[in-house]
Amino acid sequence: MPDYDFRAKKDAPMYLMTRDVAILLDLKKSAVLRYLTTARRHYKDGCVKPFDLPLPDALAGFNLRAPLWRYDTIREWAMRRPQAPVILPKSETDGLALLREYSEDAKD
């Protein structure tokens, strides 16, 4: 059974944490959290901007406070950022490989 991956079920969706989003977009984690705070305020006020960070696809943790995004959600948003668009690989697998590569160089 050496081929079995105990981390997640096979074909389970890949979710990105705040740190992952920051690494992929070459931002600080605090910047991503500020983007999320602003986006939540805009959603609450009913004035959503096209460039707002999408709301999380899922929440994790005991208090359901840790935001998680699907790779495709972040990839689509990254392309339409007005000041600094980022083109990420189309496939989730290639995106994960890129994240692993960038993570090695990331400094928190």
Any idea which heavy atoms bring [X] and [Y] closest together, and the distance?
| X | Y | result |
| --- | --- | --- |
| P54 | L36 | O-CD1, 4.5 Å |
| A58 | Y15 | CB-CE2, 4.0 Å |
| L53 | V32 | CD2-O, 3.8 Å |

### Query
Any donor and acceptor pair, going by atom type alone, linking the side chain of D45 with main-chain N or O of H42 inside 3.5 Å?
no

Please round to the nearest 0.5 Å and tell me the distance separating atom [atom1] of [X] and atom [atom2] of [Y].
| X | Y | atom1 | atom2 | result |
| --- | --- | --- | --- | --- |
| L27 | R34 | CG | CZ | 9.5 Å |
| T73 | L68 | OG1 | CG | 11.0 Å |
| K28 | T18 | NZ | OG1 | 16.0 Å |
| L16 | W69 | CG | CH2 | 9.0 Å |
| T38 | R41 | OG1 | CZ | 5.0 Å |
| E101 | L24 | CD | CG | 11.0 Å |

For residues [X] and [Y]: do they belong to one hydrophobic cluster (side chain heavy atoms under 4.5 Å, members Ile, Leu, Val, Met, Phe, Trp, Tyr)?
| X | Y | answer |
| --- | --- | --- |
| L96 | L88 | yes |
| Y35 | L33 | no |
| M14 | L25 | yes |

Name each donor-acceptor pair under 3.5 Å that joins a side chain in residues 74-82 to protein atoms two or more places apart or in another chain, with its distance.
| from | atom 1 | to | atom 2 | distance (Å) |
| --- | --- | --- | --- | --- |
| W77 | NE1 | F51 | O | 2.8 |
| W77 | NE1 | D52 | O | 3.1 |
| R80 | NE | P50 | O | 2.8 |
| R81 | NH1 | A84 | O | 3.2 |

### Query
Can you find a heavy atom in the side chain of P56 that is under 4.5 Å from one in the side chain of L59?
yes

### Query
Taking only residues two or more places apart in sequence or in another chain, which ones pass side chain to side chain donor-acceptor pair (under 3.5 Å) with D72?
none

### Task
Sorted by first residue and then second, give each salt bridge (Lys or Arg N to Asp or Glu O under 4.0 Å) pair with at least one member in residues 85-99; sequence neighbours left out.
R70-E92

